[in-house]
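I have placed the structure first, in the form of structure tokens, so that the comments after it can refer back to it.
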Amino acid sequence: MADRGDDLDTAVNSLNIENNGSGNIQIEEADDVTVLYAAQLLAGNISIVAGGTITVDGGSGLAQVLTTTGAIALDANGAASDIDLVDGI
């Protein structure tokens, strides 16, 4: 996915985000983050980069990170970082 420099820099505990227009969801988190829900409902990609562990857990067992036509990228950086998939993508 191309980075156009228009990502949203965050320092939050959890994400619940939906884009019902075209364009990408691009999140750059400072540390650990739990993705409760991230949906790209029209054309576009989802990119979540974190300086710590990314946990996908909306508590339902259903897909919590989804896109209709684009790509999904989860990138956990930092020492001992991981990607924990409790719910689906």
Side-chain angles (χ1 to χ4, degrees):
M1 284 185 271
D3 182 9
R4 300 183 319 187
D6 54 0
D7 58 324
L8 179 63
D9 296 331
T10 63
V12 298
N13 292 328
S14 62
L15 292 171
N16 185 341
I17 188 166
E18 179 177 288
N19 184 5
N20 59 9
S22 62
N24 297 329
I25 294 175
Q26 293 179 218
I27 304 293
E28 192 166 318
E29 168 60 31
D31 52 14
D32 296 347
V33 66
T34 298
V35 181
L36 302 174
Y37 180 70
Q40 176 60 50
L41 300 180
L42 293 178
N45 301 312
I46 297 174
S47 173
I48 300 173
V49 177
T53 295
I54 298 172
T55 302
V56 177
D57 185 3
S60 70
L62 302 174
Q64 299 304 309
V65 180
L66 57 109
T67 180
T68 55
T69 61
I72 297 170
L74 302 176
D75 185 5
N77 295 305
S81 294
D82 205 351
I83 297 176
D84 296 330
L85 300 177
V86 178
D87 287 328
I89 293 182

Joint cluster assignment, [X] & [Y], ILVMFWY side-chain distance < 4.5 Å:
| X | Y | value |
| --- | --- | --- |
| Leu74 | Ile25 | yes |
| Ile48 | Leu8 | yes |
| Leu85 | Leu15 | yes |
| Tyr37 | Ile89 | no |

### Query
Do Val35 and Gln64 touch side chain to side chain, with heavy atoms closer than 4.5 Å?
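Contact flag for Val35/Gln64 side chains = no.
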Handout entry: Flag side-chain contact, heavy atom, 4.5 Å: Glu29 against Val12
Key =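 Glu29 vs Val12: side chains touch.
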Nearest 0.5 Å, what's the [atom1]-[atom2] distance between [X] and [Y]?
| X | Y | atom1 | atom2 | value |
| --- | --- | --- | --- | --- |
| Ser47 | Asn24 | OG | CG | 8.0 Å |
| Asp32 | Thr55 | CG | OG1 | 7.0 Å |
| Thr10 | Asp31 | OG1 | CG | 8.5 Å |
| Ile54 | Asp84 | CD1 | CG | 10.0 Å |

Between the main-chain N or O of [Y] and the side-chain N or O of [X], is there a donor-acceptor pair closer than 3.5 Å?
| X | Y | value |
| --- | --- | --- |
| Thr53 | Asp82 | yes |
| Gln40 | Leu42 | yes |
| Asp87 | Gly58 | yes |
| Asn45 | Ala71 | yes |

Handout entry: CG (Asn13) with more than 12 external heavy atoms under 6.0 Å
Key =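 It does not: Asn13 CG has 12 such atoms or fewer within range.
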Any idea which heavy atoms bring [X] and [Y] closest together, and the distance?
| X | Y | result |
| --- | --- | --- |
| Ser81 | Gly51 | OG-O, 3.9 Å |
| Val33 | Ser14 | CG2-CA, 4.1 Å |
| Ala76 | Gly52 | CB-O, 3.4 Å |

Inset, instruction - Pick out which of Val49, Ile46, Ile17 makes a side chain to side chain contact (heavy atoms under 4.5 Å, CB included) with Ile27. - result: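 Looking at Val49, Ile46, Ile17, the match for Ile27 under the side chain to side chain contact (heavy atoms under 4.5 Å, CB included) is Ile17.
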